[in-house]
Amino acid sequence: MGKIRRLVLDVLKPHEPSIIEVAGELSELPGVEAVNISIYEMDRRVENAKITVEGNDLHYDDILKVIGENGGTVHSIDEVVAGRMIIEDAETPQDPLG
Amino acid sequence: MIHLRSKLKRLKEYQEVADVGEIARRYFAMNSFDGVLTILGVLMGNYLAHVREPTVVIITGLATSVSMAISGLWGAYLTESAERQRSLDDLEEYTLADLSNTRIGRAARVAVVIVAMVDGLAPLLASFLVLLPFFLTYLWGNILYSYYSALAIALSSLFALGAFLGKIAKQNVFLAGLKMIAAGILALILSFLIEHTVHP
């Protein structure tokens, strides 16, 4: 099986531990080269985060474990890139303009 | 060494997640105050009942302190674990996930133990401190000196405790200390009044 290079996850997590800690822990996983976490929605006790992880060999189970350990749950896997290189999704005439 | 460092790091993480510091500080202040005032009551009782035997004062004082420690430990453990469990359940309703085996769940359990220990040990240490002169009565030979120095220690502890709280609240430290001493003096006056009512 080819190697996973990028994962974009939609995660619901409590405010604490903060995304700084989660990002730090994810970046320490083997095969991970960069992590980006952004919050796009805040609630009283939880927040929705978009977690982007890139690397040369990502292990989804390990990533899931770190997120779970910090109280988060993955709502959806929004993007996966696998193979020898990272490619963006191809543009098609059906894509909305602008 | 590395093991100890990782333990400390874990504790720091728990502190950040469960916010142990603030609640432990509150319990420490509240229960040390309880401890000093209760032991002050025991001392006044012994003094006014003309107890002049150091071992009697030490035994009644220690028995009271131990009961206070158990009460603090038990009470804080039960109330704190109920509160933390409720908060965790509340959070689980949002995340729709079992959080008991996550860092958040573990932090909550560690917080309960730390808070219970603080709650139990604070009155015990405070009352030991006040009882200290009675252990040394043989040095000066007169128990009345032990009573006076215990009273001085109790009032100074109250002042220190008030000053500590004043420092936290960023208020006038001296004034905050005096407010605490006022509680001690009130307890003393009431003890004297009780004695006068019983033996007019």
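Geometric assessment of B:Arg52 against the ring of B:Tyr47 yields a positive cation-pi assignment under the 6.0 Å and 45° thresholds.
Using modelled atom types and a 3.5 Å distance limit, the side chains of B:Ser146 and B:Trp140 yield a donor-acceptor pair.
Looking at B:Leu91, both its backbone and its side chain come within 4.5 Å of chain A, counting heavy atoms on both sides. The contact between B:Ser87 and chain A is made by backbone and side chain atoms together, counting heavy-atom distances below 4.5 Å. Neither the backbone nor the side chain of B:Asp98 has a heavy atom closer than 4.5 Å to any heavy atom of chain A.
Note on A:Lys65 versus A:Glu69: no salt bridge recorded, every NZ/NE/NH1/NH2 to OD/OE distance being 4.0 Å or above. A salt bridge is defined here as a Lys NZ or Arg NE, NH1 or NH2 lying under 4.0 Å from an Asp or Glu carboxylate O, and A:Arg6 with A:Glu88 meets this definition.
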